[in-house]
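We use all heavy atoms of the structure for the numbers below, so side chains are in, but hydrogens, waters and symmetry mates are not. Nothing fancy with the numbering, it's 1 onward along the sequence.
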Amino acid sequence: MKPEVSPIIPVDQVVISFAGHEFLVVRFSDGRVAVVLRHLCEALDIDRWSQTRRIQSHPVLSKSLLLAQIETPGGPQVVNVLVTWAMPLWLGGFDLTRLSEEKRELIMLLQTDAVDAFNSHFYKADIQARPQEQAKAHQSPPPLPPRDEPPPSVAEMRRALANRIEQEDQRGETRLTRVEQELEGQQAEGRAAQAENQRRLLWVEKEIEALWAVLLVNPDAPPGALSPDHERTMHLFLRACHIISGQPIADLEYELAALMGVADVTQIPEAAWDRLLGWFAERLY
């Protein structure tokens, strides 16, 4: 007999409309976002209990199926929820050739867009809840640590960033090779996971190509007032920090604005340009 598992109480829950259907989405204290499995099955018109058993028998998906206590008009209710990162893997197990056109389109939308749609709701809520913290940070912004040398030039930082991108690209290829080896011999659900990893790698490659394009065509920003070139350079480095560290761009902008003592990164003055480059240098070197 399996031991009883206590349901997790979410810190937030919200009903989100997606592709013409309503889904109850919850967020836990550790930051994980999950969707009520019953709502996913109802939208696809499939049997919830058979899908529950299929997920529980999968070595990866079983770790993403949780018991959560949600609030309903009739009182608290315990339900199965699926963590959003596992949705593409779960949906990849369906044979699209045996489904109606309507179901195929819904599955593809859920695979490609639903995870970002569900997660972004809570990220936006976090950003909107920050004004008081941000105002407090603006009153006494923490100083940057003193540097013995002046910050590197934009050209030097671009060269360092190009080297870092090349290293990350090589690591990504090594990780992809290892994943392909581990996935050999798995059944259809395992092959679906491999396809999802390849799709994510293509996305990373497109991001890297976009960065390379900027590195090749955008010259050093001229001195003086904060020009459009300076602003584009700032956003380039913010995007690079996001790709390398995985930290959301909104969080990076919030941290940078607080450090510079402004409400938004677009308000950073030209006088702070060297400090701005120094801040990026600490993260990109």
May I have the step-by-step check of side-chain contact (heavy atoms from CB on, under 4.5 Å) for Glu255 and Asp251, ending in yes or no?
CA-CA 6 Å; Glu255 180 181 344; Asp251 289 350; over 6 Å; no
Heavy-atom check, side chain of Leu89 versus side chain of His58, under 4.5 Å:
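Yes, their side chains come closer than 4.5 Å.
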Ser17 side chain to Glu22 backbone, donor-acceptor under 3.5 Å
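Such a contact is absent between Ser17 side chain and Glu22 backbone.
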Ignoring hydrogens and geometry, is there a side-chain-to-backbone donor-acceptor pair from Asp264 to Gln267 under 3.5 Å?
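It does not hold such a pair.
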Looking at every heavy atom in both [X] and [Y], which two are closest together, and how far apart are they?
| X | Y | value |
| --- | --- | --- |
| Val33 | Phe122 | CG1-CE1, 3.7 Å |
| Ala257 | Val265 | CB-N, 4.0 Å |
| Val115 | Thr84 | CG2-O, 3.3 Å |
| Met260 | Ala272 | SD-CB, 4.0 Å |
| Pro10 | Gln69 | CD-O, 3.1 Å |
| Arg48 | Cys41 | CA-SG, 3.7 Å |

Please determine whether residues [X] and [Y] belong to a single hydrophobic cluster, defined as Ile, Leu, Val, Met, Phe, Trp and Tyr linked transitively by side-chain heavy-atom distances below 4.5 Å.
| X | Y | answer |
| --- | --- | --- |
| Ile9 | Ile70 | no |
| Val15 | Val35 | yes |
| Leu40 | Leu96 | yes |
| Ile16 | Trp85 | yes |
| Val11 | Leu82 | no |

Derivation of the side-chain contact (heavy atoms from CB on, under 4.5 Å) call for Trp279 and Leu256
CA-CA 8 Å; Trp279 186 83; Leu256 180 58; 3.6 Å; yes
Look up atom [atom1] in [X] and atom [atom2] in [Y], then write down how far apart they are to the nearest 0.5 Å.
| X | Y | atom1 | atom2 | result |
| --- | --- | --- | --- | --- |
| Ile8 | Leu66 | CD1 | CG | 5.0 Å |
| Thr112 | Leu110 | OG1 | CG | 8.0 Å |
| Gln247 | Leu252 | CD | CG | 4.0 Å |
| Met234 | Leu236 | CE | CG | 11.0 Å |
| Thr233 | Leu277 | OG1 | CG | 8.5 Å |
| Arg104 | Leu106 | CZ | CG | 12.5 Å |

Are Gln51 and Arg54 linked by a side-chain donor-acceptor pair shorter than 3.5 Å?
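The answer is yes; a qualifying pair exists.
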Count the heavy atoms of every other residue, nucleotide or ligand shown that sit under 6.0 Å from CD1 of Ile46, and state whether that count exceeds 12.
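Correct, the count exceeds 12.
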Verdict with reasoning, Val25 to Val36, per side-chain contact (heavy atoms from CB on, under 4.5 Å):
CA-CA 6 Å; Val25 185; Val36 174; over 6 Å; no
Give me the ring orientation class for Phe18 and Phe118: parallel if the planes are under 30° apart, tilted from 30 to 60°, perpendicular past 60°.
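Phe18 vs Phe118 ring planes: perpendicular.
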Could you walk me through whether Val79 and Leu37 pass the side-chain contact (heavy atoms from CB on, under 4.5 Å) test, one step at a time?
CA-CA 8 Å; Val79 297; Leu37 181 62; over 6 Å; no
